[in-house]
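Notes follow once the structure below has been shown.
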Amino acid sequence: MSKLSRDDNGQLTIFGALGTTQVMTVSASSVQSTAVAANCTILRLANSAAAHCHFAIGSSPTASVTTSPMLPAGAVEYVTCVGGDKVAVIRGATATDVSITQIS
(Lines give C-alpha, C1' and ligand atoms only; values in the text may rest on other atoms or scores of the structure.)
Protein backbone atom coordinates (compact mmCIF):
# COMPACT_ATOMS: atom_id res chain seq x y z
CA MET A 1 0.00 0.00 0.00
CA SER A 2 1.37 3.40 -0.88
CA LYS A 3 1.45 6.28 1.56
CA LEU A 4 2.21 9.97 1.53
CA SER A 5 4.08 11.56 4.38
CA ARG A 6 6.07 14.73 5.01
CA ASP A 7 9.85 14.87 5.25
CA ASP A 8 11.83 17.06 7.69
CA ASN A 9 11.30 20.06 5.38
CA GLY A 10 7.55 19.60 5.19
CA GLN A 11 7.67 18.29 1.61
CA LEU A 12 5.45 15.38 0.58
CA THR A 13 7.25 12.10 0.04
CA ILE A 14 5.91 8.84 -1.31
CA PHE A 15 6.35 5.36 0.05
CA GLY A 16 5.30 3.01 -2.71
CA ALA A 17 6.36 1.57 -6.02
CA LEU A 18 5.78 3.39 -9.29
CA GLY A 19 3.58 1.31 -11.55
CA THR A 20 1.94 1.65 -14.93
CA THR A 21 1.95 5.05 -16.61
CA GLN A 22 -0.58 6.24 -19.15
CA VAL A 23 -0.05 9.48 -21.09
CA MET A 24 -3.21 11.12 -22.37
CA THR A 25 -3.56 13.99 -24.82
CA VAL A 26 -6.19 16.23 -23.28
CA SER A 27 -8.86 17.48 -25.67
CA ALA A 28 -11.90 19.73 -25.57
CA SER A 29 -14.08 16.80 -24.46
CA SER A 30 -13.70 14.80 -21.26
CA VAL A 31 -11.74 11.60 -21.90
CA GLN A 32 -11.15 8.70 -19.48
CA SER A 33 -8.03 6.70 -18.72
CA THR A 34 -8.01 2.96 -18.37
CA ALA A 35 -8.90 1.60 -14.93
CA VAL A 36 -6.12 1.55 -12.33
CA ALA A 37 -4.88 -1.71 -10.81
CA ALA A 38 -6.71 -3.24 -7.85
CA ASN A 39 -3.78 -2.53 -5.49
CA CYS A 40 -3.34 1.12 -6.54
CA THR A 41 -4.07 3.70 -3.82
CA ILE A 42 -2.33 6.84 -5.10
CA LEU A 43 -2.01 8.41 -8.54
CA ARG A 44 0.67 10.82 -9.69
CA LEU A 45 -0.78 13.27 -12.22
CA ALA A 46 1.84 15.26 -14.16
CA ASN A 47 0.73 17.94 -16.61
CA SER A 48 2.93 19.18 -19.44
CA ALA A 49 3.94 22.83 -19.57
CA ALA A 50 1.55 23.51 -22.47
CA ALA A 51 -1.63 24.51 -20.59
CA HIS A 52 -3.79 23.79 -17.56
CA CYS A 53 -6.47 21.10 -17.55
CA HIS A 54 -9.17 19.76 -15.21
CA PHE A 55 -9.56 16.23 -13.85
CA ALA A 56 -12.02 13.92 -12.09
CA ILE A 57 -11.48 10.48 -10.53
CA GLY A 58 -14.01 7.70 -10.02
CA SER A 59 -15.53 4.56 -11.48
CA SER A 60 -16.89 6.45 -14.51
CA PRO A 61 -15.79 10.09 -14.12
CA THR A 62 -16.47 13.06 -16.36
CA ALA A 63 -14.16 16.06 -16.06
CA SER A 64 -15.61 19.56 -16.31
CA VAL A 65 -13.89 22.91 -16.87
CA THR A 66 -16.28 24.54 -14.39
CA THR A 67 -16.59 22.00 -11.55
CA SER A 68 -13.48 19.76 -11.62
CA PRO A 69 -10.17 20.54 -9.92
CA MET A 70 -7.60 22.29 -12.08
CA LEU A 71 -4.15 20.86 -12.75
CA PRO A 72 -1.94 23.84 -13.64
CA ALA A 73 0.52 23.71 -16.53
CA GLY A 74 3.75 22.03 -15.46
CA ALA A 75 2.23 20.77 -12.20
CA VAL A 76 2.52 17.41 -10.46
CA GLU A 77 -0.30 16.32 -8.14
CA TYR A 78 -0.70 13.22 -5.96
CA VAL A 79 -4.26 12.05 -5.41
CA THR A 80 -5.82 9.06 -3.70
CA CYS A 81 -7.84 6.48 -5.58
CA VAL A 82 -9.22 2.97 -5.22
CA GLY A 83 -8.61 0.01 -7.48
CA GLY A 84 -10.68 0.19 -10.65
CA ASP A 85 -10.92 3.99 -10.66
CA LYS A 86 -10.37 5.95 -13.85
CA VAL A 87 -9.13 9.49 -14.39
CA ALA A 88 -11.05 11.82 -16.70
CA VAL A 89 -9.38 14.94 -18.08
CA ILE A 90 -10.50 17.92 -20.14
CA ARG A 91 -8.42 20.81 -21.40
CA GLY A 92 -8.76 24.44 -20.44
CA ALA A 93 -8.04 26.68 -23.45
CA THR A 94 -5.26 24.69 -25.15
CA ALA A 95 -4.45 21.00 -25.64
CA THR A 96 -1.92 19.45 -23.25
CA ASP A 97 -0.62 16.03 -22.22
CA VAL A 98 -1.15 14.48 -18.80
CA SER A 99 0.87 11.56 -17.44
CA ILE A 100 -0.99 9.32 -14.98
CA THR A 101 1.26 7.00 -12.93
CA GLN A 102 -0.10 4.40 -10.55
CA ILE A 103 1.63 4.08 -7.16
CA SER A 104 1.13 0.97 -5.08
Side-chain angles (χ1 to χ4, degrees):
M1 172 193 263
S2 57
K3 296 186 184 238
L4 288 177
S5 65
R6 295 201 181 269
D7 64 15
D8 292 339
N9 297 316
Q11 300 298 311
L12 285 176
T13 58
I14 301 172
F15 294 97
L18 296 178
T20 304
T21 296
Q22 179 179 357
V23 178
M24 299 175 60
T25 298
V26 183
S27 66
S29 298
S30 179
V31 292
Q32 288 184 1
S33 69
T34 57
V36 302
N39 64 339
C40 182
T41 58
I42 294 178
L43 295 172
R44 177 184 183 268
L45 306 179
N47 192 8
S48 74
H52 75 278
C53 65
H54 299 265
F55 68 94
I57 299 171
S59 60
S60 184
T62 301
S64 165
V65 295
T66 58
T67 61
S68 297
M70 183 179 75
L71 184 61
V76 175
E77 184 80 40
Y78 294 91
V79 294
T80 60
C81 66
V82 296
D85 275 353
K86 298 177 184 177
V87 178
V89 290
I90 190 169
R91 74 177 197 198
T94 306
T96 188
D97 291 326
V98 172
S99 171
I100 302 163
T101 303
Q102 299 178 39
I103 301 173
S104 55

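Side chains are part of it too, since the values below use all heavy atoms of this structure and drop only hydrogens, waters and symmetry mates. What you are looking at is a predicted structure, and each value in this text was computed from that prediction instead of being measured.
- Judged purely by distance below 3.5 Å, without hydrogens or angles, the side chains of S27 and S29 never pair a donor atom with an acceptor atom.
- Donor-acceptor pairing under 3.5 Å is recorded for the side chains of S48 and T96.
- Two residues are said to be in side-chain contact when any heavy atoms from C-beta on lie closer than 4.5 Å; L43 and V87 meet this criterion.
- R91 CZ to H52 NE2: the interatomic distance, rounded to the nearest 0.5 Å, is 10.5 Å.
- In this structure, A73 and A50 approach most closely via the heavy-atom pair CB-C, 4.4 Å.
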- Task: Test I42 against V79 for side-chain contact (heavy atoms from CB on, under 4.5 Å), laying out the working first.
- Result: CA-CA 6 Å; I42 294 178; V79 294; over 6 Å; no
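- A donor-acceptor pair is defined here as one N or O able to donate and one able to accept, closer than 3.5 Å; such a pair exists between the side chain of S30 and the backbone of A63.
- Of the inter-residue distances, the one linking I57 atom CD1 with C81 atom SG reads 6.5 Å to the nearest 0.5 angstrom.
- Inter-residue side-chain proximity for I103 and Y78 is flagged as met; some heavy-atom pair is nearer than 4.5 Å.
- Listed for the Q22 side chain is no donor-acceptor partner under 3.5 Å among the backbone atoms of S33.
- Closest non-hydrogen pair, P72 versus M70, comes out as CD-O, 3.6 Å.
- In this structure, the side chains of Q32 and P61 come closer than 4.5 Å at one or more pairs of heavy atoms.
- In this structure, Q102 contributes its side chain and L18 its backbone to no donor-acceptor pair below 3.5 Å.
- When all heavy atoms are compared, the tightest approach of L71 to N47 is O-ND2, 3.1 Å.
- Note: M24 CE to T34 OG1 = 8.5 Å, rounded to the nearest 0.5 Å.
- Contact between V26 and C53 at its shortest, heavy atoms only, is CG1-CB, 4.1 Å.
- With rounding to the nearest 0.5 angstrom, the OG atom of S59 is 8.0 Å from the NZ atom of K86.
- No side-chain heavy atom of T80 sits under 4.5 Å from any side-chain heavy atom of T41.
- What you find for A28 and I90 is that their closest heavy atoms are O-CD1, 3.4 Å.
- Using a 4.5 Å cut-off between side-chain heavy atoms of Ile, Leu, Val, Met, Phe, Trp and Tyr, with links allowed through other members, F55 and V31 fall into the same hydrophobic cluster.
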